[in-house]
Amino acid sequence: MKKFTIMLVLATMLLSGCSFLNEVNDTLDYVGVTTEHIERLNTFAEEAPQLVEDALSNPELVTELEAKLTTLKTEIEEFIALSDIPTIAEDIHQELVSKNELLLEEINKVLENGHIALDKLENSQIFTTISDVTSLMNRIENLTQ
């Protein structure tokens, strides 16, 4: 009976160790996916103001800007739909989802029937919201510490 108890304790420790390793791996995966998402948002925020300015005088660039916004919208929807969030990341993920939902609403206001309203984009809160999302990056990176 004593041997069985020892084996049961060892098996429990081994299983909890595997669970811990899975949680660590899931957290690392989540941080990677989230970091890539935020980097794409930042890239858009860096490129878009100049693209908006150029599109005001060059209608061909409007199509490019519409495509970038549509792609960004799809990426945001995919991020919001993420499931199996590691326990350690649940709070920060909920904050990110809230900010991404706000960003999605703002993009939808700027895109009318798939076409961009440049004046609405210039006056939107999209860039401020992206900045808010970016400000969470340190907390995301600390998940792996």
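From a predicted model like this one, the values you see are computed outputs, not experimental measurements.
- One finds the CG atom of Leu96 at 7.5 Å from the NE2 atom of His37 (value rounded to the nearest 0.5 Å).
- Ile80 is listed as a side-chain neighbour of Ile76, based on a closest heavy-atom distance under 4.5 Å.
- Closest non-hydrogen pair, Ala89 versus Leu143, comes out as CB-CD1, 3.7 Å.
- Rounded to the nearest 0.5 Å, atoms CG (Leu41) and CG (Leu103) are 6.0 Å apart.
- A distance of 6.0 Å separates CD of Glu39 from CE of Met137, quoted to the nearest 0.5 Å.
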Query raised in the report: Between Phe79 and Thr34, is a side-chain contact (heavy atoms from CB on, under 4.5 Å) present by the stated rule, with each step listed?
Result: CA-CA 8 Å; Phe79 183 82; Thr34 304; 3.7 Å; yes
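- Atom CD of Glu101 is separated from atom CD of Glu106 by 12.0 Å, given to the nearest 0.5 angstrom.
- Interatomic distance, CD1 of Ile130 versus CG of Leu72, reported as 6.0 Å (0.5 Å rounding).
- Applying the 6.0 Å contact sphere to CG of Asp91 captures no more than 12 heavy atoms from other residues, nucleotides or ligands.
- Asn123 contributes a side-chain N or O that, together with a main-chain N or O of Asp119, makes up a donor-acceptor pair within less than 3.5 Å.
- Under the 4.5 Å side-chain criterion, counting only non-hydrogen atoms from C-beta, Thr70 is in contact with Leu111.
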Report task. Could you go through the side-chain contact (heavy atoms from CB on, under 4.5 Å) check for Leu118 and Leu65 one step at a time? Result -> CA-CA 9 Å; Leu118 290 176; Leu65 190 54; 3.6 Å; yes
Query raised in the report: Can you check side-chain contact (heavy atoms from CB on, under 4.5 Å) on Leu136 and Ile38, steps first, answer last?
Result: CA-CA 9 Å; Leu136 298 173; Ile38 291 173; 5.5 Å; no
Query - Residues Leu104, Asn108; criterion side-chain contact (heavy atoms from CB on, under 4.5 Å); working and verdict - result: CA-CA 6 Å; Leu104 195 56; Asn108 285 333; 4.2 Å; yes
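- You'll find the side chain of Leu102 stays beyond 4.5 Å of the side chain of Asp132, heavy atoms only.
- Between Phe44 and Phe127, the ring planes are parallel. Angles under 30° get that label, and only those over 60° would be called perpendicular.
- A distance of 12.0 Å separates CD1 of Ile85 from CD1 of Ile92, quoted to the nearest 0.5 Å.
- Crowding of Glu60 atom CD: a count of heavy atoms from other residues, nucleotides or ligands under 6.0 Å not exceeding 12.
- In this structure a side-chain-to-backbone donor-acceptor pair under 3.5 Å is present from Glu66 to Ile116.
- For the pair Asn138 and Glu141, the minimum side-chain heavy-atom distance is below 4.5 Å.
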